[in-house]
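What follows is a single structure, written as structure tokens, with notes after it.
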Amino acid sequence: MDSVGEAGSATPATQAGDDAPGQDLAEQRLVRAIRELTSPPEARAGPGDPIRPGSSLTVARCLDLFSAQLSSRHVDLAARWLRSRGAGYYTIGSSGHEGNAAVAAALRRTDPALLHYRSGAFYLVRAAQARPARDGVSDVLLGLMAAAAEPIAGGRHKVFGHPELHVIPQTSTIASHLPRAVGLAFSIGRAARLGLTTPWPEDSLVICSFGDASVNHSTAAGALNAAAHCAYQRLPMPLLLVCEDNGLGISVRTPPGWIEAAGSGRPLLRYFHADGADLANAYDVAVAAAQWAREKRAPAFLHLRTVRLGGHAGTDVESAYRSPAEIAADAERDPLLGSARLLVEAGALTAGQVLERYEASRTRILAVAGAMAGAPRLSSAEQVMAPIAPRRPAILAADIAARARQPVSGPGRHAADPPAMEQNPGPLTLAQAINHTLADELSRRPDMIVFGEDVGRKGGVYGVTRGLQRAFGASRVFDSPLDEQTILGLALGAGLAGMLPVPEIQYLAYLHNAADQIRGEAATLSFFSRAQYRNPMVVRIAGLAYQQGFGGHFHNDNGLAALRDIPGLVVACPARPDDAAPMLRSCLAAAELDGSVCVFLEPIALYHERDLYSEGDGGWLADYEPPERWGAAHVPLGRGRLYGTGSDLTIMTFGNGVRMCLRIARKLAADGIGTRVLDLRWLAPLPYEDLLRAAAATGTVLVADETRRTGGVSETVITTLVDAGFTGRIARVASHDSFIPLGDAAGTVLLSEAAIEDAARDLLR
Ligand SMILES: Cc1ncc(C[n+]2csc(CCOP(=O)(O)OP(=O)(O)O)c2C)c(N)n1
């Protein structure tokens, strides 16, 4: 009969070599249970027959899915074997979750999928569905070995993903991919309404899977709410949320019935329940759920009951927190046993044939794993970092000049803020310059959308987006729900769908509610996909302090450390209107052409500033450059702006500091001290060359930094100079390590002009 020996006997040698793993106790139990299965005498189903009366799953399809389930199981076993030999690194498996094969079978192969780390069988089914079909097993094995040849992350992590399979790689941060999934489902509908094409057909369904403990994460709660919020407004939200419920989050039990309670009590989220141990049931329910969500263009929640066989990962000893009875009960619900039972009871296979397939699958996968064990890994920082942030400055510059010549498809800046234009036909403030640039770019970029809290009807708390919704319509300029994770999730999905999202975070302090959507999601997508997927975006954030007593900490936050250390992130901080416009154009071009994730930090206190030295001088206003000047006025990423030619002192600063330092420079000049002021303009990438040149020009550098002394921008500027070998005099002056209080007390902790002046004079003494 089959090649599987009696329980406990040695496993036949495979091509993997003599040290190929034997069956562990769990496997032996499975083999025993399969061997006991018997077919009813009359059972003899043909390939096109239902696997069970009443099911839409045919025998032929069931056999295919069973094959994927077997492969997925043996990949898990191979992972532990490879780990034990020091040839693999990742052992979080899909064992017990293989019912998710049915979900893949119920979908189209072009439906974009954002998968849970236990959706291995789903991935293998999707790979087999692809045209041409892929060998998903190799993909996954290469991934867990961190092999450079792995097709999505190229050895940077083990993730499920492949552009040809429409599987978008996810990080391991629990639930962090749900906002993106909501954003993608939203964007597929929104793109269709705007007449834009996306990489996916218009009637696609986005599928997003996750674990049961993940449902409790506030990110998941927010995403489920956002999906329902869209559905409530009858906005298309073709989204299938699949909760693979194994009842555990590492060692913590999910209260029995909780997922049903959490997933089913929502009128706008249609709940489906399926048994992941029963392929026929899982398939039928998944087909119904997918059909419902696709046809209604509305969100569905598929609760797939699974088990977790083995510990959370290879290193986790589950017997430390689970009883033997509990573990044995889960083994009874092994989906491989369930599928074997279906096939044997239908007369499609005998128990012996099932075991032959089981063993053949093991042999094949161990052979593949063994052959790959020496696959090359990434071996230099350059290789690892290559996909983080591809930048092509010359192409960006050419594009900006060309775009200016392009015929305008929208009303242009004159439609943006008519009252302001009429009242102030002359030079603009910072807020107006951003407003007009957004309008000009919306006119030239049909794929650009602008959204956030209050940006639509109101036009932003500070009027920066005023007039844009009226001019460009509520499909392109719109108010979002009051949830920063959702705002960024919409951007993540829109970028993936090929749009150019410009989300707004109303205040810098509120970025922190959702920072992971930039840190963990947006900024890593290129890294985990070798730049095969991208989520371009320009996140406008109103921030920094000096609002003259208004607002206290949350409206005056001056902490940027959470942004500055994100690899590849562009952080722009324009101080003046004539910088804001070209810098915003550069960010949009970088996002569109290079897929860059850009933060555009707008100093609130300078939004409506008009003067520089004295009231009425208009020194902080600037003319808006017409399109024919955009090429000449282009500001590349990472280029600073130098004011003055003084040879005694260089002050390096940014944001509000620029205006303060220019005022101080004038005072110093009156005392015969020649100062030059370098506005960094870009906090990432820093203007390295400009910085070194400006320092060398005077040999004396003061860094005036409105962010906090600890973790603030001045730390990196000084370190950059020291690292580059600068040996001149150097000092810094920054805000205190404090939160910003309400009222005039704010001045006690913030960098002041007086402090800058004192520091400058001290340095030159
Ligand atoms: C935000 C976050 N917190 C903690 C972790 C560590 N962690 C990894 S998996 C896991 C449990 C997840 O359980 P569940 O969602 O039920 O998925 P399962 O592993 O059971 O399939 C935890 C806490 C994480 N990855 N992300």
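Residues take their numbers from the sequence shown, with the count starting at 1. For ligands, and for the atoms within them, numbers begin at 1 and follow the listed sequence. Atom set for the values below is all heavy atoms of this structure, side chains included, hydrogens, waters and symmetry mates excluded. Just so it is clear, the model here is predicted, and its values are computed rather than measured.
Salt bridge Glu150/Arg156: absent, no basic N to carboxylate O contact under 4.0 Å. Residues Arg126 and Asp139 are not paired through a salt bridge, judged by the lack of any N-O separation under 4.0 Å between the basic side chain and the carboxylate.
Remark: His157 pairs with Phe528 by the ring pair (Phe, Tyr, Trp, His ring centres under 6.0 Å) rule, at least two apart or across chains. With sequence neighbours excluded, the residues forming a side-chain contact (heavy atoms from CB on, under 4.5 Å) with Ser323 are Ala325, Glu326, listed by chain and number. For the ring pair (Phe, Tyr, Trp, His ring centres under 6.0 Å) test, no residue two or more places apart in sequence or in another chain qualifies with Phe210.
Residues with a heavy atom under 4.0 Å from ligand 1: His97, His116, Tyr117, Arg118, Ser172, Thr173, Ile174, Gly211, Asp212, Ala213, Ser214, His217, Asn246, Leu248, Gly249, Ile250, His312.
Arg357 CZ: 12 or fewer foreign heavy atoms inside a 6.0 Å radius.
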